[in-house]
Every structure is written in structure tokens, then in C-alpha cells.
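Counting from 1, the numbers follow the sequence of the chain as shown.
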Amino acid sequence: LFDKYENLLKEHNTLKYSAEANEKMVAERIQYILSVSGPDAVSDNEQLIELLKDLNIEVYWSSAEAPFTDAAMFTEYYVQDADLATVKPCLVRSNLVYVKGMRFVQK
């Protein structure tokens, strides 16, 4: 019975890790979609709103209204081209920074 328990525990941990990795990939994909669509994408797309609610994710485009510091929420990269100066939002889940946002700032 102990061996069976150990095997089931290993299988459970493997499935849990896989599910967490899949959720993280979905969140990163959502971040990309939002970065392409812009800040109004969340309010304009009901399906995206539902998906974010299902995953318990909040979207922040700046740290002004967020409970975290700017450094905790965003990483800044400097770019030469003005067309590349964009923002990827920060995704917060369960009161933790889940996917850190990125700012591409023109140098």
C-alpha cells in the first residue's frame, strides 16, 4: 500500500506541475494578446474578461493603481526604434505578480 501511495503521490505532483505550467503558458499568451491589442482590449472583449476571471488574473498596465512597486511589476528594456516602444501588462494572480510586465522604452 505504501508503494501504491508513493506512486499516486508522484503522479499527482507530476499532473499538478503540468497543470501549473500550462496555466502559466496561457497567462503569457494572454499577456501577448493584450500587448498587441492595447489597454482597451480587456474592456472591449467579453470572452477575454471571462477567461481572466476564470484564471483569477488581474491586468495592470501601470503600477499607479496596483498594490506593488513599479520594479516588482515591470522590467524595462531600451529600444532605438519608436515603433518598438510598447508595453506588455503585468498579470497579478492571488495577490502576487504572476507574469511580470515589460516596457520597451525608446532610448
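Judged by distance alone, the side chain of Ser63 and the main-chain N or O of Ala66 form no donor-acceptor pair under 3.5 Å. Not one N or O on the side chain of Lys88 forms a donor-acceptor pair closer than 3.5 Å with the backbone of Glu28.
The neighbour count for Asn95 CG, taken as heavy atoms of other residues, nucleotides or ligands under 6.0 Å away, does not exceed 12. Under a cut-off of 6.0 angstrom, the local environment of CD in Glu46 is sparse, with at most 12 non-hydrogen atoms contributed by other residues, nucleotides or ligands.
Here the NZ atom belonging to Lys10 is positioned 12.0 Å from the OH atom belonging to Tyr5, to the nearest 0.5 angstrom. Expressed to the nearest 0.5 Å, how far CG of Leu52 lies from CD of Gln47 amounts to 12.0 Å. Remark: Leu55 CG to Ser94 OG distance equals 10.5 Å, nearest 0.5 Å. To the nearest 0.5 Å, atoms OH (Tyr98) and CG (Leu91) are separated by 9.5 Å. To the nearest 0.5 Å, the span separating CD1 on Ile30 from CE on Met25 amounts to 12.0 Å.
Trp61 has its side chain within reach of Val87: a pair of non-hydrogen atoms, C-beta onward, lies under 4.5 Å apart. Looking only at side-chain heavy atoms (C-beta outward), Gln106 and Tyr78 stay at 4.5 Å or farther from each other. Looking at Cys90 and Val97, their side chains come closer than 4.5 Å, going by heavy atoms from C-beta outward. Leu34 is listed as a side-chain neighbour of Leu48, based on a closest heavy-atom distance under 4.5 Å. Residues Gln31 and Pro89 form a side-chain contact, since some pair of their non-hydrogen atoms from C-beta on lies under 4.5 Å apart. A 4.5 Å side-chain heavy-atom check between Tyr77 and Val105 finds every atom pair outside the cut-off. When side chains are defined from C-beta on, Met102 does not count as touching Phe74, because their heavy atoms never get closer than 4.5 Å.
In this structure, the side chain to side chain contact (heavy atoms under 4.5 Å, CB included) partners of Leu15, at least two apart in sequence or on a different chain, are Glu11.
The two residues Ala27 and Val99 come nearest to each other via the heavy atoms CB-CG2, 3.8 Å. Across all non-hydrogen atoms, the minimal contact from Met73 to Lys100 is O-CG, 3.3 Å.
Sorted by first and then second residue, the pairs that involve residues 56-81 and meet salt bridge (Lys or Arg N to Asp or Glu O under 4.0 Å), not counting sequence neighbours, are Asp70-Arg103, Glu76-Arg103.
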